[in-house]
Amino acid sequence: MSQATEDAYCLKKTVVLVGMMGSGKTAIGKALAAQLDVPFLDSDAAIEEAAAISIAEIFERDGEAFFRKREAEVIDRLLAGDPCILSTGGGAFLTDTVRAAIADKGAAVWLDASLDILWERVRNKDTRPLLRTDNPRQTLSDIFDVRVPVYAQAGIHIKITDNASIEQTTEMVVKTLSQYPDLLEKLS
């Protein structure tokens with residue numbers, strides 16, 4: 001057993017993972033939550049549970065503006081709970097009120113992956129509705145170009161490398177978070 005898995009921590013604020021589709025928000029989020037012994041929450045799953053329909057259906061039925069408003073409300077509600085690891089949808093951090101709520105009640109951690117890494121991870125998956133276009137690589141690039149400057153506003157940046165495992169990346173996140181004693185305190 002590695003020393004890192006024996007360490008105990010106290011998470012003092014919710015860590016909100018932001019970044020592009022394919023950056024690892026869910027995989028890293030689950031591993032990070034397990035290592036820190038805190039809950040893992042996914043804002044998209046919470047939205048679908050509250051609405052009792054899929055996000056795609058919300059978009060189709062009510063439009064993006066309606067969805068973004070509900071998304072902001074759900075994220076604000078999740079931030080009001082006990083500290084946890086919260087994974088957000090790729091577009092959530094683009095909303096001013098969401099960024100303000102995260103800054104006020106949690107800490108934004110940007111999982112910063114290059115366009116090439118993202119493309120390698122999402123290109124063979126049919127689970128990304130935004131990429132169901134004639135040229136999904138170009139669509140991903142266009143989304144990347146718009147979103148990266150906003151993600152860069154996150155207080156903590158984690159550079160994702162193509163050869164790092166989930167475990168290695170999680171260790172890097174824990175090490176980085178440990179530099180913020182108001183966010184994560186090492187107990188042992």
Side-chain angles (χ1 to χ4, degrees), residues 14-33 40-48 54-56 58-59 63-65 67-72 74-76 78-79 84-103 106-177:
T14 292
V15 170
V16 182
L17 300 178
V18 301
M20 288 286 294
M21 64 182 89
S23 64
K25 297 184 301 285
T26 300
I28 300 304
K30 287 178 178 178
L32 183 59
F40 171 77
L41 302 176
D42 181 299
S43 65
D44 282 351
I47 292 164
E48 289 181 340
S54 73
I55 288 173
I58 296 170
F59 264 81
E64 183 173 2
F67 170 77
R68 294 296 174 202
K69 185 171 175 149
R70 299 290 85 78
E71 179 180 55
V74 167
I75 290 172
D76 194 52
L78 295 174
L79 284 166
C84 67
I85 306 302
L86 175 59
S87 173
T88 60
F93 199 66
L94 304 179
T95 305
D96 293 340
T97 56
V98 169
R99 285 195 310 278
I102 293 169
V109 175
W110 175 29
L111 299 182
D112 178 12
S114 72
L115 184 59
D116 288 337
I117 290 172
L118 296 170
W119 178 243
E120 190 60 35
R121 291 179 176 181
V122 303
R123 68 186 185 144
N124 294 320
K125 294 185 179 175
D126 191 34
T127 56
R128 310 290 183 177
L130 290 176
L131 299 182
R132 292 180 187 151
T133 64
D134 291 338
N135 187 343
R137 175 72 161 84
Q138 184 60 51
T139 302
L140 182 66
S141 178
D142 293 345
I143 294 168
F144 182 88
D145 291 344
V146 168
R147 292 182 177 182
V148 162
V150 181
Y151 295 147
Q153 296 176 39
I156 300 171
H157 298 190
I158 303 293
K159 190 69 177 165
I160 303 300
T161 59
D162 59 356
N163 58 351
S165 68
I166 290 171
E167 294 77 17
Q168 290 168 324
T169 304
T170 302
E171 286 297 327
M172 185 171 41
V173 174
V174 170
K175 184 177 178 181
T176 302
L177 295 178

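In what follows, residues are counted from 1 in the order of the sequence shown. Keep in mind that this is a model prediction, so the values were computed, not measured.
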(request) Would you check if the side chain of Lys30 reaches a backbone N or O of Phe40 as a donor-acceptor pair within less than 3.5 Å? (result) no
In short, Lys159 meets Met172 closest at the heavy-atom pair O-CE, 3.4 Å
Here the gap from Asp42 atom CG to Ile47 atom CD1, rounded to the nearest 0.5 Å, amounts to 8.5 Å
Closest non-hydrogen atoms of Ser23 and Leu118, given as atom of the first, atom of the second and distance, are N-CD2, 3.6 Å
Would you list the atom pairs, donor with acceptor, under 3.5 Å between side chains in residues 84-96 and any protein atom, with sequence neighbours excluded?
unit_1, atom_1, unit_2, atom_2, d
Thr88, OG1, Leu17, O, 3.0
Asp96, OD1, Arg99, NH2, 2.4

Separation between CD1 (Ile75) and OG1 (Thr14), nearest 0.5 Å, reads 11.5 Å
Asp142 meets the salt bridge (charged side-chain N to carboxylate O under 4.0 Å, His left out) criterion, sequence neighbours left out, with none
Closest non-hydrogen contact found for Ala154 with Val18 is CB-CG2, 4.2 Å
- Task: Using atom types as modelled and distance alone, determine if a side-chain donor or acceptor of Glu48 lies under 3.5 Å from a backbone N or O of Ser54.
- Result: no
Which side-chain N or O atoms in residues 108-116 pair as donor and acceptor under 3.5 Å with protein atoms at least two apart or in another chain?
unit_1, atom_1, unit_2, atom_2, d
Ser114, OG, Ile117, N, 3.2
Asp116, OD1, Arg137, NH2, 3.0

Rounded to the nearest 0.5 Å, the NZ atom of Lys69 sits from the OG1 atom of Thr97 at a distance of 9.5 Å
In short, Ala164 meets Thr161 closest at the heavy-atom pair CB-OG1, 3.2 Å
